[in-house]
Amino acid sequence: MSASLLQRSLSAVWHPCTQMKQHETLPLIAIKRGEGPWLVAEDGQRYLDAVSSWWVNLFGHCNAHINQRLREQMEKLEHVILAGFTHEPVVRLSEELAALTGHALGHAFYASDGASATEIALKMSVHYWRNSDRPAKTRFVSLAGSYHGETVGALAVTDIALFREAYAPLVRAAATVASPDARTAETGESARDVAIRAAAELERFLAEHHHETAALIVEPLVQCATGMAMYDPEYLRRARALCDQYEVHLIADEIAVGCGRTGKFFAVEHAGIWPDFLCLSKGISGGYLPLSLVLTTDTIYQAFYADEVARGFLHSHSYTGNALACTAALATLEIFRDDNVLLANEQRASWLAQAAGPIAAHPAVHHLRQQGMILAFDVEATPGFARRFHAAALAEGILLRPIGNTVYWMPPYVLDETLCAWLGARTLAALEKALAE
Ligand SMILES: Cc1ncc(COP(=O)(O)O)c(C=O)c1O
């Protein structure tokens, strides 16, 4: 049964981010059900979902509370067009998110996936400047190694060659400035020094290009897809001040780092700043349903509020503000409150750090780093390491997908001390196996 399902998948399903030919040697895994942090395969094998299924799952698979809320909502309303209509879940979610920003970002615009949220922020920024009689401000700047999604518009601010090269003729690439990646510290430099150095480069760029620059877009604190590049919050403080000084919007892409992942609900809170646009997706629905949104300020909102239709933000997606997705998000926020998740994650993050101790001591491991519920390390290894490690980890019962030579944990917020220790021991075993091959 399982084998035929795999065959049917290979012939009918074009899998994402995959060179399909590699499945000639690395078989697909068919998952039958999820139980908390575990994925249970058709053949009964269990895998710890240590990457939260592409960084989306926060409170485990088949979470009883989210399931219950979804069942209740399903009996009332599954979806309604959000143009000209509204509903309780989308209103409550918008209000609750605004409250989480202290009402600094009081207007929520919805879409379904992360890349669309990026595009909405980019479009809103340019349209704001047009509505404000500054039509020359149409360019963007992002950080070296940035990742903000893979649609054609989002690729403009994504600086990862593998994802962009084939589509270069379609993309109007943004400028890039130095990443404040703490690993680039020179001898005697702290992470904060690196942040200050990178911010100085940003200042030079903005001094020269602010007339045509609409926005700077950043992944606050952790540039995830480039390989968990972590940096000091001082960069965000300086970027905020520079954006104010040069009249450039600051877009915080919190699609991966939002929802408690870095230790605070929003990663920008570590820097004590708010951006002009904040993009959220992935964890906001608890990993249940596609949902993304952009939060923005009253100043931005007011620039679109006018008699002329064309001054409005006319962007739309069919499933904008889907009632079930918003309900999953509300249930997710309930769990954050009821279980005091941010506090519990401080303990959980320290269990992860302890579990990583023996890994840090391995001679092939460098730059072991952590920001809240993200822990990563780089491995000195021969080419093909990522695939070898992925396969070795699966054999140990863990789902881990290294990015190049960077191995990372980004688990759901449900692991206890024993499971963290288990994850550490199994990851080390997989590392030794992958290095020996
Ligand atoms: C920082 C960041 N922005 C945007 C995206 C794109 O989100 P999606 O895959 O839902 O389009 C991702 C996805 O990994 C991301 O990490």
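One-based numbering, in listed order, for ligands and for the atoms of each. The basis for the numbers below is simple: all heavy atoms, side chains too, and nothing from hydrogens, waters or symmetry mates.
Residues lining ligand 1 at a heavy-atom distance below 4.0 Å are given as Trp55, Asp113, Gly114, Ala115, Tyr147, His148, Gly149, Glu219, Asp253, Ile255, Ala256, Lys282, ordered by chain and residue number.
Checked against the 6.0 Å centroid criterion, the rings of Tyr408 and Phe377 do not qualify as a close aromatic pair. Ring-centre distance between Tyr128 and His249: below the 6.0 Å cut-off.
Under 4.0 Å is where a charged nitrogen must lie from a carboxylate oxygen, and between Glu203 and Arg238 no such pair does. The existence of a salt bridge linking Arg197 and Asp193 is excluded, since no basic side-chain nitrogen approaches an acidic carboxylate oxygen closer than 4.0 Å.
Scanning both residues, Gln371 and Thr262, for their nearest heavy atoms gives NE2-O, 3.1 Å. In this structure, Leu415 and Trp351 approach most closely via the heavy-atom pair O-CZ3, 3.8 Å.
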